[in-house]
Amino acid sequence: MDNISIARLLDETASLLEIDSADPFRVRSYRRAAEAVEQQTTQLATLATPDADPKALLAIAGIGKGMAANIVAIVNTGTLPLREELLQKYKPTMLELLRLPGMGPKTVALLWSALEVADIDALEAAAKAGDLNKLPRMGEKFTTKLIKGIEDYRRNSSRFRIDQAREQAERISALIREFPGIDEITPAGSLRRGRETVGDLDLLVTGPACEADVVSAAVDHVAALPLIDKLLAKGQNKVSFTLRSNLQVDVRLLPRASYGAALQYFTGSKMHNVALRQRAIKRGLTLNEYALARLEDNTIVAAATEEAIYRALDLDYIPPELRENSGELEAAATHALPQLITLTDIHGDLHMHTTETDGANTIREMAEAALARGLKYIAITDHSKNLAMTNGMDDKRALAHIKRIREVDAQMQGRIRVLPGIEVDILAEGQLDLDDSTLAQMDVVVASVHSRFDQPIDQMTDRILCALENPHTRILGHPTGRKVLKRDPYALHLDKILKRAAELGVAVEHNASPARADLNDLHLRLAKQHGCKITINTDAHSTDELDQIRYGITQLRRAWLTPADLINTQPTAEALLTQLRSKP
DNA sequence: GCCGTTTTCGGCCCGACTGTTTTCAGTCG
């Protein structure tokens with residue numbers, strides 16, 4: 001049982017407790033525990049065995065005696081007694097009802113007790129038959145909205161990738177800016193925190209047009225934007241709508257004086273904010289989206305900037321990527337926050353493709369584009385023969401390609417170094433698909449899995465472990481593949497692979513492209529714990545895609561990584577190559 | 001159910017919006 005599954009069971013239990021009208025604080029401790037479990041890099045299953053130290057679980061913030069017992073029960077029996085007890089009273093399908101917009105625990109409980117409705121199909125039928133109108137607070141409007149909500153849910157209930165969300169944010173921002181008196185528009189929420197996917201888009205808007213006495217005109221402007229598919233809500237300074245892609249957007253227009261408080265508030269995460277407000281109360285202060293103020297007389301202490309708010313709470317400024325209530329408040333209080341990686345720390349990109357295989361640009365074009373982006377070295381790593389659909393190279397072509405790469409390297413006259421490399425395929429049995437004598441000519445050999453994702457997970461792991469043993473393997477490319485991680489999200493398998501890579505001195509790649517990325521912040525933290533060399537690469541198939549490094553950086557920041565944790569922060573190609581070849 | 005520079009008991013974050021309310025409960029972020 002992995003941590004994600006344990007967390008899900010705790011979270012489900014919290015929802016069932018809510019439906020059962022349990023003490024809200026008890027519910028919250030189950031949610032908090034679920035959150036904490038999800039963020040652990042060590043597998044709790046290994047801490048819940050009879051011979052493990054019983055104090056290890058209790059050391060996790062938010063886990064006390066009762067919750068530790070629950071976790072032990074989950075690991076040993078696959079469930080916990082309280083959840084089973086609640087499932088005698090309620091149906092598991094009710095948990096899905098909670099995902100519908102406007103549906104909360106109270107409504108779900110009422111539907112069950114009054115109509116014995118427990119799943120989406122039954123709810124839809126009841127709504128269409130007009131049965132809901134007999135219940136309190138459920139009139140015509142509620143029913144109509146609910147039926148629409150069910151349709152939307154069935155059509156699309158997924159999250160959106162960060163790059164797509166950012167693109168939409170920029171599009172909407174441009175339209176909002178057309179209104180006079182708008183100075184600044186900042187995406188908040190999980191987009192600002194750099195999550196790999198976002199559930200909805202939060203846009204904060206400020207400027208003279210957002211002052212309280214005139215804001216209604218700007219609100220009207222936003223509510224009438226042409227790209228709105230459905231207007232969900234419109235208040236004094238807030239507009240919510242969905243786009244045709246079904247992405248929900250919340251726009252808030254706020255006066256300059258309270259912009260920092262709003263930014264802090266709407267960036268979250270929720271758990272970070274709760275912890276922050278608790279800290280405020282201990283200091284006789286109260287924090288909301290308008291200001292940090294004194295409890296006794298409401299005197300404003302800080303409001304205009306986030307920096308001022310954190311400072312007034314005796315904290316260093318906490319970068320948005322760290323705001324997950326996973327130790328950042330403690331670190332900020334003791335000046336122990338890490339110096340996070342920024343774009344300018346990255347001096348090289350070790351994985352990209354050219355027209356020789358499935359890329360869109362030549363070696364020279366990639367080199368010029370990388371130079372224009374301030375990089376000091378790159379590796380050209382086209383595909384090998386097993387990837388026939390990409391026009392992958394056999395040994396002969398690969399050797400000829402090296403020659404061309406060296407020519408371009410010479411042409412660049414030291415302005416940027418262009419290193420010969422290749423992305424080899426890891427075959428089903430774990431061997432690489434080109435000769436060792438060819439690979440020996442390459443500075444950068446990226447070994448990646450591209451096929452047979454249907455292999456059992458153990459075989460897949462053995463296959464990768466075998467490829468790591470090849471003395472020419474320098475980098476493990478997209479270490480397991482998104483498809484594998486989907487089957488085995490936070491698995492012991494990846495742990496095994498990272499551990500062996502660290503022992504052998506093989507670097508692990510964090511693929512910066514949101515479309516291809518597979519290591520999230522937890523995996524990266526695990527890699528750091530094992531002492532892996534880590535590299536962030538774009539796997540660019542065109543010059544444009546070199547820009548995707550900025551998305552990958554946010555994952556590194558979320559993992560608390562510093563420039564010293566990466567190898568392509570090395571200032572020169574020579575320094576990088578020394579690191580790449582060294583064994584621990 | 002967790003937690004402790006006022007505490008091992010008594011607290012536990014905050015405000016906006018909606019629908020159907022004539023004063024508010026439920027949901028959401």
Side-chain angles (χ1 to χ4, degrees), chain A residues 10 13-15 17-19 21-36 57-71 80 82 97-111 132-133 135-146 149 188-191 193 198-204 219 223 231-241 248-254 258 261-262 264-293 295 313-314 325 333:
Chain A
L10 291 174
T13 307
S15 296
L17 279 169
E18 260 186 318
I19 293 171
S21 319
D23 174 14
F25 297 108
R26 192 176 173 211
V27 173
R28 206 171 77 185
S29 40
Y30 275 84
R31 293 235 191 271
R32 186 159 176 233
E35 200 110 358
L57 283 175
L58 295 174
I60 301 168
I63 305 226
K65 251 180 116 179
M67 210 53 77
N70 282 332
I71 291 170
L80 70 168
L82 177 60
L97 287 183
L98 290 172
R99 309 246 288 266
L100 295 172
M103 270 287 161
K106 293 285 189 294
T107 316
V108 170
L110 178 64
L111 288 170
L132 302 187
N133 299 359
L135 300 174
R137 295 178 186 285
M138 293 188 205
E140 199 66 28
K141 249 179 158 167
F142 180 89
T143 307
T144 321
K145 229 177 175 174
L146 181 63
S190 44
L191 182 57
R193 296 203 311 282
V198 305
D200 55 19
L201 207 54
D202 284 300
L203 293 179
L204 300 193
V219 167
L231 191 65
L232 299 176
K234 182 182 161 192
Q236 284 192 332
N237 58 5
K238 176 190 161 174
V239 182
S240 293
F241 53 87
Q248 182 174 331
V249 185
D250 296 321
V251 182
R252 291 181 172 83
L253 302 98
L254 302 139
S258 61
Q264 196 293 311
Y265 187 93
F266 290 111
T267 296
S269 67
K270 195 172 170 159
M271 296 306 257
H272 172 88
N273 285 359
V274 168
L276 202 62
R277 274 174 240 142
Q278 279 166 350
R279 187 178 177 91
I281 285 174
K282 274 191 199 147
R283 284 169 165 65
L285 302 167
T286 174
L287 178 62
N288 59 31
E289 60 260 59
Y290 301 108
L292 177 69
L295 269 172
L313 292 168
D314 302 318
N325 194 31

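Note that these values count all heavy atoms, side chains included, but never hydrogens, waters or copies made by symmetry. Proteins come first, then strands; the chains are lettered A, B, ... in the order of their sequence lines, and each starts at number 1.
In this structure, A/His272 places its NE2 atom 15 Å from P of B/dC14, rounding to the nearest Å. Atoms CD1 (A/Ile281) and C1' (B/dC14) sit 9 Å apart, rounded to a whole Å. Put simply, CG on A/Leu135 is 12 Å from P on B/dT21, counting in whole angstrom units. Regarding A/Leu146, its CG atom lies at a distance of 14 Å from the C1' atom of B/dT18, rounded to whole Å. Atom CG of A/Leu295 and atom C1' of B/dC14 are 12 Å apart (whole Å). As a whole-Å value, the separation of A/Lys145 NZ from B/dG19 C1' is 8 Å.
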For nucleotides 26-29 of chain B, which of its nitrogen or oxygen atoms have a protein nitrogen or oxygen under 3.5 Å away, and what is each distance?
unit_1, atom_1, unit_2, atom_2, d
B/dG26, O3', A/Thr107, OG1, 3.4
B/dT27, OP1, A/Gly104, N, 2.8
B/dT27, OP1, A/Gly104, O, 3.0
B/dT27, OP1, A/Thr107, N, 3.0
B/dT27, OP1, A/Thr107, OG1, 2.4
B/dT27, OP2, A/Lys106, N, 3.4
B/dC28, OP1, A/Gly102, N, 2.6
B/dC28, OP2, A/Met103, O, 3.4
B/dG29, N7, A/Lys270, NZ, 3.3
B/dG29, N2, A/Tyr265, OH, 2.3

Using nucleotides 1-10 of chain B, report all nitrogen or oxygen pairs with the protein that are shorter than 3.5 Å.
unit_1, atom_1, unit_2, atom_2, d
B/dG1, OP1, A/Arg26, NH2, 3.1
B/dG1, OP1, A/Tyr30, OH, 3.3
B/dG1, OP2, A/Arg26, NE, 3.0
B/dG1, OP2, A/Arg26, NH2, 3.3
B/dG1, O4', A/Ser29, OG, 2.9
B/dG1, O6, A/Asp23, OD2, 2.9
B/dC2, OP1, A/Gly64, N, 2.8
B/dC2, OP1, A/Gly64, O, 3.3
B/dC2, OP1, A/Met67, N, 2.8
B/dC2, OP2, A/Gly66, N, 3.4
B/dC3, OP1, A/Gly62, N, 2.6

Practice task
Test side-chain contact (heavy atoms from CB on, under 4.5 Å) on A/Leu276 and A/Gln264 and set out the steps.
Solution key: CA-CA 10 Å; A/Leu276 202 62; A/Gln264 196 293 311; 3.3 Å; yes

| said: Working note: A/Asp250 + A/Phe266, criterion side-chain contact (heavy atoms from CB on, under 4.5 Å); need CA distance, chi angles, decisive distance, verdict. | reply: CA-CA 10 Å; A/Asp250 296 321; A/Phe266 290 111; over 6 Å; no

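Looking only at side-chain heavy atoms (C-beta outward), A/Arg252 and A/Asn237 stay at 4.5 Å or farther from each other. Counting only heavy atoms from C-beta outward, the side chains of A/Leu204 and A/Thr267 never approach each other to under 4.5 Å. Contact check for A/Arg283 versus A/Asp314: side-chain heavy atoms found under the 4.5 Å cut-off.
Comparing the same atom, C1', in B/dC14 and in B/dC9 gives a spacing of 25 Å after rounding to whole Å. Rounded to a whole angstrom, the distance from the C1' atom of B/dC12 to that of B/dT7 is 13 Å. The same atom, C1', is picked in B/dT20 and in B/dT27; the two are 15 Å apart, to the nearest Å. The gap from the C1' atom of B/dC17 to that of B/dT23 amounts to 16 Å, rounded to the nearest Å. Remark: the separation of the C1' atoms in B/dT6 and B/dG11 is 13 Å, to the nearest Å.
Salt bridge A/Glu18/A/Arg31: present, at least one basic N to carboxylate O contact under 4.0 Å.
Remark: side-chain polar atoms of A/Thr107 are not paired, donor with acceptor, to backbone N or O of A/Met103 under 3.5 angstrom. Between the side chain of A/Asn273 and the backbone N or O of A/Tyr265 there is at least one donor-acceptor pair closer than 3.5 Å.
Distances shown here put every side-chain N or O of A/Ser240 at or beyond 4.0 Å from the OP1 or OP2 atom of B/dC17.
B/dT8: no Watson-Crick or G-U partner with both key distances under 3.5 Å is found in any strand.
Relative to the side chain of A/Tyr290, the nucleotides B/dG19, B/dC14, B/dG15 differ in distance, and B/dG15 lies closest. When distances are taken from the side chain of A/Asn237 to each of B/dC14, B/dT20, B/dC17, the shortest belongs to B/dC17.
Looking only at atom types and distance, the side chain of A/Asn325 has no donor-acceptor partner in the side chain of A/Ser269 under 3.5 Å away.
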